[in-house]
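Following: one structure in C-alpha cells, then a few remarks.
Start at 1 and go down the list; that is how both ligands and their atoms are numbered. Computed from a prediction, not measured in an experiment: that's the story for all the values here. These values consider heavy atoms only, across backbone and side chains, with no hydrogens, waters or symmetry-generated copies.
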Amino acid sequence: MKIKSICCIGAGYVGGPTMSVIAQKNPNIKVTVVDLNSKRIADWNSKDLTKLPIYEPGLDEVVAEARGRNLFFSTEVDAAIVDAEMIFISVNTPTKTYGAGKGMAADLKYVELCARQIAKVSITDKIVVEKSTLPVKTAEAIQNILDNTGNGVDFQILSNPEFLAEGTAMRDLAIPDRVLIGGDSNTKKGQKAIQALVDVYRSWVPKENILTTNIWSSELSKLTANAFLAQRVSSINSLSELCEATGANVQEVAKAIGMDSRIGPKFLQASVGFGGSCFQKDILNLVYIAKSLGLNEVADYWHQVILMNNHQRDRFAKNIIKTLYSTVNGKTIAFLGWAFKKDTNDTRESAAIYVADLLMDEQATIKVYDPKVNATQMQSDLNYLNSRSEDKNVAYLKTESNPYMAMEGAHAIAVLTEWDEFKTYDWQRIYNSMQKPAFVFDGRNVLDREVLEKIGFEYKEIGS
Ligand SMILES: NC(=O)c1ccc[n+]([C@@H]2O[C@H](COP(=O)([O-])OP(=O)(O)OC[C@H]3O[C@@H](n4cnc5c(N)ncnc54)[C@H](O)[C@@H]3O)[C@@H](O)[C@H]2O)c1
C-alpha cells in the first residue's frame with residue numbers, strides 16, 4: 001500500500017518541521033498539517049518566510065520548496081482527516097496541572113480529543129500514527145476510543161516517536177540516527193500499516209536506519225532516550241558543584257572522561273541546567289509510570305535527575321546574589337539569551353525563566369536580549385509561573401532588541417543561552433558601559449575567560 005495522502009494534527013515544533021521534510025522528500029504524497037490555532041496556521045502560510053511560527057535553521061528553505069506543491073497548512077481539521085489515509089497525532093502532551101498525577105503524569109486530553117475526532121469523521125480505513133511522546137500503553141487507549149466511537153472502519157495504530165532536537169531539527173530529520181516504528185506485526189493489517197510508514201521514510205532514510213519494534217517498546221524508547229540524555233546533563237552538573245568546592249575544573253574533567261570511548265564526549269557540557277518542553281516532562285512521566293507500577297526505586301532514581309536540574313538553576317541564581325555582595329535589590333542584571341538553547345525560539349522550561357524569577361524575588365531588574373524571543377513571550381513565560389502580579393513582571397523584566405543596550409549600565413551579565421553571536425560582541429565596549437566591578441556569570445561556559453579577564457571582567461563559569 002503506497003500512501004498518497006497524510007494529515008498531521010498539530011502544527012507545532014514537531015508537526016511543522018517533520019511534515020515539511022516528509023512532504024519535501026515525498027512529492028507524490030499530499031501532506032496537510034492542521035491545527036486549531038488559526039494564528040499559528042496563518043504564520044505557517046505567511047509569504048514572508050521569516051514569519052514562520054517556529055525558528056529552525058533551514059526550515060524556511062524546505063517550506064519554500066514544498067508548500068503549495070504537496071504541503072498544506074490548514075485549520076480544517078475534519079476535512080484533512082477525511083481525506084487522509086495516514087494521520088499523525090503530533091499534539092502537545094504537557095505535564096498534568098490538575099487531578100491525579102498532577103505535576104507528574106502526561107496530560108493526554110489533547111491526544112484523546114484527536115482520537116475522538118478521527119473516530120467521528122472517518123469513513124474509510126486509517127493508519128493512525130502516534131508522533132507525540134506518550135506514556136507506554138497509550139496506543140491501547142487510542143485503539144479503544146477509535147474502535148468504540150468510530151463508524152466501523154478499520155484503524156491501525158503505530159507508534160513513531162520523534163527524536164529531533166530543536167535547533168538542529170532539519171539536520172536530524174534529513175539524516176536521522178534512526179527512525180523508530182512500533183506496530184502490531186502479528187496481524188496482516190498491522191504488518192501492512194508498518195510497511196506503509198516504512199515506505200514513507202524509505203524515500204530518504206536508509207533501510208538499516210529504520211527500526212521496527214513492538215508498539216510498547218517504541219513508546220517506552222522515546223521516554224528512555226530523553227531520560228538518558230537528561231541524566232548525562234544532571235550527572236555532569238552534579239560534578240560541577242564538586243569541582244567548584246575542590247578546585248577541579250569541570251571542563252577538564254568532562255574532556256578527560258569523554259575521551260573514554262565507553263563514555264563518549266557528547267552531552268557532557270556543564271551548564272545552568274537543561275530546559276525545553278521535553279526532558280522534564282518526559283522524565284516526570286517516566287517517574288509517574290514507575291510509581292504507578294509500584295517500582296519506587298526506579299521512580300526515585302529518575303526523579304533525582306530533575307531535582308539535580310532544579311538545584312543547578314537555584315545555585316546559579318544564588319551565586320549571582322552572593323557574588324554581588326549578597327544583594328541585588330535595585331541592581332540590573334543583563335541576560336544574554338532567553339530560549340532554552342541556541343538556534344530555537346522555544347522558551348518552554350528555559351533555565352532563564354527560573355533564574356529571572358529568583359532574581360526578581362530579590363528585586364533585581366532584569367534586562368534581556370535574545371535574538372529570537374520577543375518581549376510578549378518572555379512576559380508570558382513569567383506570568384505562567386504565577387510568582388507575582390503581571391504588572392510587577394513588566395516592571396522588573398525589560399526586553400531589549402539590541403544586546404549592547406541590554407548590558408549598558410548593568411551590574412552583571414548572565415549568559416543563559418549559548419547563541420553563537422555572543423562570542424562575537426565587542427566586549428571592551430560592553431565593559432566600558434557597565435557598572436564596576438563588571439561581572440559575567442557564564443551559565444553555558446561559552447565565552448572566552450582569557451579575553452574577558454584581560455579586559456577586566458570578573459568572569460565566573462560553571463564548575464571551576
Ligand atoms: N519539541 C520537541 O523538541 C519535541 C521533540 C520530540 C517529541 N516531541 C513531542 O511531540 C509532541 C508535540 O510537541 P510540540 O513541541 O510540537 O508541541 P507544540 O505545543 O509546539 O505543538 C502542538 C500543537 O498541537 C495543537 N493542537 C492541540 N490539540 C489539537 C487538536 N485537538 N486539534 C488540532 N491541533 C491541536 C496545538 O494548537 C499546538 O499548535 C509532544 O508530545 C512532545 O513531547 C517534542
Side-chain angles (χ1 to χ4, degrees), residues 7-21 32-44 52-56 59 73-81 84 87-96 105-121 128-135 138 142 145 159-173 176-180 218-219 221-227 229-230 274-286 339-341 343-350 377 380 384:
C7 158
C8 173
I9 309 180
Y13 282 86
V14 166
T18 312
M19 292 303 128
S20 299
V21 171
T32 309
V33 192
V34 292
D35 205 295
L36 297 174
N37 182 337
S38 51
K39 162 89 171 75
R40 215 168 208 186
I41 290 297
D43 289 345
W44 277 114
L52 294 183
I54 283 160
Y55 173 70
E56 207 39 81
L59 173 63
F73 294 93
S74 163
T75 49
E76 311 240 330
V77 182
D78 287 355
I81 293 173
I87 301 162
F88 286 79
I89 300 179
S90 190
V91 298
N92 35 330
T93 48
T95 304
K96 265 186 98 176
D107 191 342
L108 299 179
K109 73 176 170 201
Y110 305 106
V111 173
E112 177 167 345
L113 280 171
C114 288
R116 288 186 184 277
Q117 194 148 6
I118 294 168
K120 191 170 128 206
V121 304
V128 176
V129 185
E130 298 174 347
K131 189 50 123 176
S132 297
T133 302
L134 297 169
T138 306
I142 295 180
I145 292 166
S159 159
N160 172 222
E162 186 47 60
F163 292 100
L164 68 77
E166 287 177 29
T168 53
M170 303 317 283
R171 197 195 60 206
D172 298 343
L173 289 166
D177 288 346
R178 76 324 209 164
V179 167
L180 180 59
S218 173
E219 286 178 336
S221 296
K222 174 62 193 174
L223 294 183
T224 308
N226 275 351
L229 290 168
F274 59 76
S277 66
C278 293
F279 282 1
Q280 173 165 310
K281 157 178 91 69
D282 293 348
I283 295 178
L284 288 173
N285 189 8
L286 193 68
F340 85 93
K341 66 194 287 200
D343 291 337
T344 179
N345 61 345
D346 196 349
T347 63
R348 289 176 287 183
E349 292 300 327
S350 178
Q377 185 60 49
S380 135
Y384 186 75

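For the residue pair Ile54 and Ala11, the shortest heavy atom distance occurs at CD1-O, 4.4 Å.
By the criterion of a heavy-atom distance under 4.0 Å, neither the backbone nor the side chain of Ala165 is placed next to ligand 1. Contact annotation for Gln117 and ligand 1: no heavy atom of the residue comes within less than 4.0 Å of the ligand. Contact annotation: for Arg348 versus ligand 1, heavy atoms closer than 4.0 Å belong to the side chain alone. By the criterion of a heavy-atom distance under 4.0 Å, both the backbone and the side chain of Asn92 are placed next to ligand 1.
Not a single N or O atom of Glu162, backbone or side chain, sits closer than 3.5 Å to an N or O atom of ligand 1. At under 3.5 Å, not a single nitrogen or oxygen of Asn37, backbone or side chain, sits near a nitrogen or oxygen of ligand 1. Any N or O atom pair closer than 3.5 Å counts here, and Asp346 shares no such pair with ligand 1.
Looking only at heavy atoms of the protein, atom 34 (N) of ligand 1 is closest to Leu36 N, 3.4 Å. What sits closest to atom 23 (C) of ligand 1 on the protein, heavy atoms only, is Asp35 OD2, 3.4 Å.
When Glu166, Arg40, Glu112, Arg116 are checked for heavy-atom proximity to atom 2 (C) of ligand 1, Glu166 turns out nearest. With atom 41 (O) of ligand 1 as the reference point, the heavy atom nearest to it among Leu164, Thr93, Ile118 is part of Thr93. The option with the heavy atom closest to atom 7 (C) of ligand 1, from among Ile41, Leu113, Thr133, Leu223, is Thr133. Selection from Val91, Leu108, Val14 by nearest heavy atom to atom 11 (C) of ligand 1 gives Val91.
For ligand 1, the atoms closer than 4.0 angstrom to any heavy atom of Gly12 are 16 (O), 18 (P), 20 (O), 21 (O). Taking every heavy atom of Ser277 and a limit of under 4.0 angstrom, the matching atoms of ligand 1 come to 1 (N). Interface of Ser90 with ligand 1, defined as ligand atoms under 4.0 Å from a residue heavy atom, comprises 12 (C), 22 (C). Interface of Tyr13 with ligand 1, defined as ligand atoms under 4.0 Å from a residue heavy atom, comprises 1 (N), 14 (P), 15 (O), 16 (O), 20 (O).
A donor-acceptor pair under 3.5 Å is formed between the side chain of Glu56 and the backbone N or O of Gly167. Of the possible donor and acceptor atoms, one in the side chain of Asp172 sits under 3.5 Å from a partner among the backbone N and O of Ala165. Side chain of Ser132 to main chain of Leu134: no donor-acceptor pair is present (N/O by atom type, distance under 3.5 Å, no hydrogens or angles). Judged by distance alone, the side chain of Asn92 and the main-chain N or O of Pro94 form no donor-acceptor pair under 3.5 Å. A donor-acceptor distance shorter than 3.5 angstrom exists from the side chain of Lys341 to the backbone of Glu166, with no hydrogens or angles considered.
The closest approach between a heavy atom of Lys281 and any atom of ligand 1 is below 4.0 Å.
A donor-acceptor pair shorter than 3.5 Å cannot be found between the side chains of Glu130 and Asn160. A side-chain donor from one of Lys281 and Thr93 sits under 3.5 Å from a side-chain acceptor of the other.
Ring-plane geometry between Phe279 and Phe274 is classed as perpendicular, the angle between the planes exceeding 60 degrees on a 0 to 90 degree scale with a lower cut at 30.
Atom-to-atom distance recorded for Ile283:CD1 and Asn226:CG is 7.5 Å, nearest 0.5 angstrom.
Annotation: cation-pi pair Arg178/Phe163 present, NZ/CZ under 6.0 Å from the ring centroid and within 45° of its normal.
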